[in-house]
Number of protein chains: 2
Amino acid sequence: MKEFHHHKFCPIRDILSRIGSKWSMLVLVTLDANGTMRFNEIQKSIGDISQRMLTLTVRTLEADGLIKRDVYPEVPPRVEYTLTDRGRSLMPLLKELVRWALDNQEQILEERAKLDVPEEVKE
Amino acid sequence: MKEFHHHKFCPIRDILSRIGSKWSMLVLVTLDANGTMRFNEIQKSIGDISQRMLTLTVRTLEADGLIKRDVYPEVPPRVEYTLTDRGRSLMPLLKELVRWALDNQEQILEERAKLDVPEEVKE
DNA sequence: CTGGATCCCCGGTGATACTG
DNA sequence: CAGTATCACCGGGGATCCAG
């Protein structure tokens with residue numbers, strides 16, 4: 001019931017290890033929105049991700065079976081990335097999260113702006 | 001083509017800033033499972049979170065309006081944490097993520113184990 | 001074009017001690 | 001009991017250069 005935690009394969013820590021990194025979700029959403037993409041296309045679409053971090057991120061996503069990586073031995077080389085079925089199965093959940101953020105972030109930011117909330121005295 | 005990314009209020013980065021930290025999701029799920037809880041109860045339930053990190057985490061969650069913090073000026077002091085409506089509205093999505101992890105993590109781990117073929121010649 | 005290899009920094013996190 | 005306050009650490013992430 002509440003004993004998710006801290007045994008070896010806690011699903012929450014598992015989730016975080018896959019989509020909790022700085023760029024994973026952005027790469028997944030980008031691929032979902034645009035279909036198969038090349039390395040540079042992903043990088044341009046995200047805009048501020050370095051080559052290094054994009055490489056590391058797609059490697060992790062590939063190792064998790066969330067995306068597949070197809071290498072075409074041409075000159076110049078071409079590498080294409082596509083969501084796998086497993087990756088696609090995760091997208092509806094991520095989209096719900098994005099929706100939630102869109103529905104809530106404005107109000108949250110407003111509340112934070114007036115952080116002058118005085119301490120209430122509880123009964 | 002989607003331009004979620006990299007402008008100031010990217011919903012994905014927003015989400016990650018709220019639930020992407022190491023302990024946020026665990027605290028939310030714990031509170032959801034057990035209702036109102038005291039500081040020490042949360043800490044014991046999670047097991048391996050330090051006082052410092054629990055404090056920082058609940059402060060952030062409170063600032064985001066995901067949990068509320070009620071202080072009762074007694075001796076000894078008592079502080080109770082409860083999900084807010086906004087926090088509760090996030091829980092179904094987190095539960096879906098947990099479900100997804102439970103449905104997929106075993107297979108992912110198996111695949112990773114297979115890929116982890118011992119390389120004799122590392123050189 | 002798609003990375004690999006290095007170097008380095010910073011902030012999230014941990015450990016410990018102290019307090020109202 | 002429920003926190004602060006400090007110090008230390010490590011690894012995620014950034015910047016840059018090099019390579020097939």
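Every chain is numbered from 1, with letters handed out A, B, ... down the list of sequences. In this text, all values refer to a predicted model and were calculated from it rather than measured experimentally.
- Side-chain contact, A:Thr57 with A:Ser24: no donor N or O sits under 3.5 Å from an acceptor N or O.
- For A:Tyr81 and C:dC1, the shortest distance from a side-chain N or O to OP1 or OP2 is not below 4.0 Å.
- Going from atom CD1 of A:Ile46 over to atom C1' of D:dG13 covers 14 Å, rounded to whole Å.
- Crowding of A:Arg69 atom CZ: a count of heavy atoms from other residues, nucleotides or ligands under 6.0 Å exceeding 12.
- Salt-bridge annotation for B:Arg13 and A:Asp48: present, with a side-chain N of the basic residue lying under 4.0 Å from a carboxylate O of the acidic one.
- Within the helix from C:dC1-D:dG20 to C:dG20-D:dC1, the inter-axis angle between the opening and closing five-pair segments is 50°, rounded to 10°.
- Across the protein-nucleic acid pair, B:Glu62 atom CD and D:dA2 atom C1' stand 14 Å apart, rounded to whole Å.
- Under a 3.5 Å cut-off, the side chain of B:Gln43 and the backbone N or O of B:Ile49 do form a donor-acceptor pair.
- Regarding A:Leu61, its CG atom lies at a distance of 13 Å from the P atom of C:dG3, rounded to whole Å.
- Within the 4.0 angstrom heavy-atom criterion, no nucleotide atom of any strand lies near A:Tyr72.
- As a whole-Å value, the separation of A:Glu74 CD from C:dG3 P is 13 Å.
- Applying the 4.0 Å criterion to OP1 and OP2 of C:dG3, one finds that A:Arg59 has a side-chain N or O inside that range.
- No side-chain heavy atom of B:Arg86 sits under 4.5 Å from any side-chain heavy atom of B:Leu90.
- Of the side-chain N and O atoms in B:Arg69, one or more sit less than 4.0 angstrom from OP1 or OP2 of D:dG3.
- If you measure from atom CD of B:Gln43 to atom P of D:dA2, you get 9 Å, rounded to the nearest angstrom.
- Note: CG (A:Leu56) to P (C:dG4) measures 8 Å, nearest angstrom.
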Please list, for nucleotides 14-20 of chain D, all pairs of protein and nucleotide N/O atoms separated by less than 3.5 Å.
| residue | atom | partner | partner atom | Å |
| --- | --- | --- | --- | --- |
| D:dG14 | OP1 | A:Lys22 | NZ | 2.9 |
| D:dG14 | OP2 | A:Trp23 | NE1 | 3.3 |
| D:dG14 | N7 | A:Arg52 | NE | 3.2 |
| D:dG14 | O6 | A:Arg52 | NE | 3.0 |

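- Listed for the B:Thr60 side chain is a donor-acceptor partner under 3.5 Å among the backbone atoms of B:Leu56.
- Nucleotide D:dG12 holds its P atom 17 Å from the CG atom of A:Leu54, rounded to whole Å.
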Verify side chain to side chain contact (heavy atoms under 4.5 Å, CB included) between B:Met37 and B:Glu80, making sure each step is shown before the conclusion.
-> CA-CA 5 Å; B:Met37 296 178 80; B:Glu80 294 185 341; over 6 Å; no
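- Residues passing the side chain to side chain donor-acceptor pair (under 3.5 Å) test with A:Arg38: none are found, sequence neighbours excluded.
- Inter-residue side-chain proximity for B:Tyr81 and B:Thr30 is flagged as unmet; no heavy-atom pair is nearer than 4.5 Å.
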